[in-house]
Amino acid sequence: MAADAPHPAFEGYATEAVPQAAVGSPGKDGVLELTFERTAEGTTLVHDYATVPFHISGTLGYDPLPEADTVFVQSPTGGVAQGDRHDVSITVGDDAIAHVSTQSSTKVQTMTCNYAAADTTLSVGAGGHLDYVPEPTILHADSRYLQELSVDLAPGATAVVSDVVVPGRLARGERFEFERYLSRVRGTGPDGLLFEDATHLTPGDEDPTAPGVLGEFTVYGTTFVLAPDRDGTELSDALHSVVADGEARAGATALPNDAGVAVRALGDRAETVQSTLHAAWDHARQKLLDAPAPSGRKY
C-alpha cells in the first residue's frame with residue numbers, strides 16, 4: 001500500500017502528484033486542536049490551535065445548558081481541495097460538557113488527481129459529554145474524500161456524533177457525480193472496541209440509488225448517541241419513536257457492546273435529514289444531560 005494511503009481504495013489516488021500546492025504544504029495540511037476542561041465557572045476552552053483552513057474565534061454562550069461551552073469551527077477557504085489532509089483533535093476533560101460544530105457546510109471540491117482526507121479524534125473524560133455535530137458534507141462532482149473519526153470514552157462519559165452527506169450540489173441538478181466517498185467511525189471505551197461503522201460509496205462502480213443502499217433518496221445522515229453506561233435498548237426504542245414518523249425515512253438501532261444507539265436518516269434534502277437527526281439529538285440530550293439540544297441560526 002502507498003505510504004499516504006490509509007485505505008486500499010485510495011492507494012491509486014495517493015500516487016498522483018498534485019499540480020498546485022503539494023500534499024502537506026501550508027494551507028493543505030490543516031490542523032485543529034481543542035481542549036475543554038471543567039472549571040468553577042463551568043466548561044472552559046483551555047487550549048486551541050488552528051491552521052488554515054481552520055479558524056476559530058473563541059467560544060460562544062450558545063448552549064441552553066449554562067455549564068456547557070460551544071465552538072463553531074470556521075473556514076476562510078472555498079472548501080476542501082485535492083491533496084488536502086486535515087487533522088482534528090478534540091479533548092473534553094472529566095465532567096466537562098462541550099459542543100463543537102462548523103459554521104457552514106464542508107464543500108468537497110471537484111478533483112482531477114489525488115484525494116482529500118480528514119482524520120478526527122475525539123476523547124471524552126470521565127463524566128464528560130461531547131456533542132460533535134458539524135454541518136453537512138457536500139460532495140462535488142469528481143471528488144474523492146476519505147474521513148475517519150474515532151471517539152474514545154472514559155467511564156461515565158457520553159457523546160453525540162453526527163454526520164450528514166449530500167451527494168452533490170442538488171440545486172444545480174448534481175447528484176452522485178462524485179468519484180468516491182469513504183467514512184469510517186470507530187468507538188472505544190475503557191475495555192477496548194465498542195463499535196465500528198463504515199459508509200463507502202462509489203457511484204461509478206455501484207449505483208447508490210439501488211435498493212438496499214440509498215434507494216429513492218439522496219441525502220444520508222447518521223447520529224451516534226454513545227452512552228455505554230445507559231440502557232441501550234430503552235434509549236434505542238425511544239429514539240426510534242422520535243424519528244420514525246418524521247419527514248425523513250429514519251430509524252434507530254442499538255449499537256453492539258452496549259455502546260449506545262445509531263440513528264440513520266434518508267431524505268431528499270439536507271434540511272429534512274438534519275431536522276430528523278436534530279430531534280433525535282434533542283431527545284438524547286434530555287436523557288443524558290436533562291437539557292435540550294442547541295438550535296437556531298449560526299450566522
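Note that this is a predicted model, so its numbers are computed, not measured. Numbers for residues simply follow the sequence, beginning at 1.
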>> Quick one, Thr222 and Val185 - any side-chain contact, counting heavy atoms below 4.5 Å?
In response: no
>> Less than 4.5 Å apart, side chain to side chain, heavy atoms only: is that true for Gln82 and Cys113?
In response: yes
>> Tell me every residue that passes ring-ring contact (aromatic ring centres under 6.0 Å, His included) with Phe224, counting only those two or more places apart in sequence or in another chain.
In response: Phe195
> Would a 4.5 Å heavy-atom cut-off, applied to side chains only, mark Asp142 and Met111 as touching?
Replying inline: no
> Do the rings of Phe176 and Phe178 sit parallel, tilted or perpendicular, given the 30° and 60° boundaries?
Replying inline: tilted
> Minimum heavy-atom separation for Leu194 to Pro228, with atom names?
Replying inline: CD1-CG, 4.0 Å
> Is any side-chain N of the basic residue among Arg269 and Glu271 closer than 4.0 Å to the acidic one's carboxylate O?
Replying inline: yes
> To the nearest 0.5 Å, what is the distance between CG (Asn257) and CG (Leu193)?
Replying inline: 6.5 Å
> Are Gln147 and Asp163 close enough that some pair of their side-chain heavy atoms sits under 4.5 Å apart?
Replying inline: yes
> In Å, rounded to the nearest 0.5 Å, how long is the span from CZ of Phe72 to NE2 of His99?
Replying inline: 5.5 Å
> Between Ile97 and Glu67, which heavy-atom pair has the shortest distance, and what is it?
Replying inline: CD1-CG, 4.1 Å
> When you check the side-chain N and O atoms of His129 and Thr158, is any donor under 3.5 Å from an acceptor?
Replying inline: yes
> Is there a chain of hydrophobic side chains (I, L, V, M, F, W, Y, each step under 4.5 Å between heavy atoms) that links Val108 to Leu146?
Replying inline: no
> Any side-chain donor paired with an acceptor under 3.5 Å for Arg180 and Tyr115?
Replying inline: no
> Are any of the side-chain heavy atoms of Asp207 and Val213 separated by less than 4.5 Å?
Replying inline: no
>> Would you say that Phe217 contacts Val273 through its side chain, given a criterion of any heavy-atom pair below 4.5 Å between the two side chains?
In response: no
> Hey, are Lys287 and Glu234 close enough for a salt bridge, meaning a charged N less than 4.0 Å from a carboxylate O?
Replying inline: no
> What are the two closest heavy atoms between Thr110 and His140, and how far apart are they?
Replying inline: N-CB, 3.8 Å
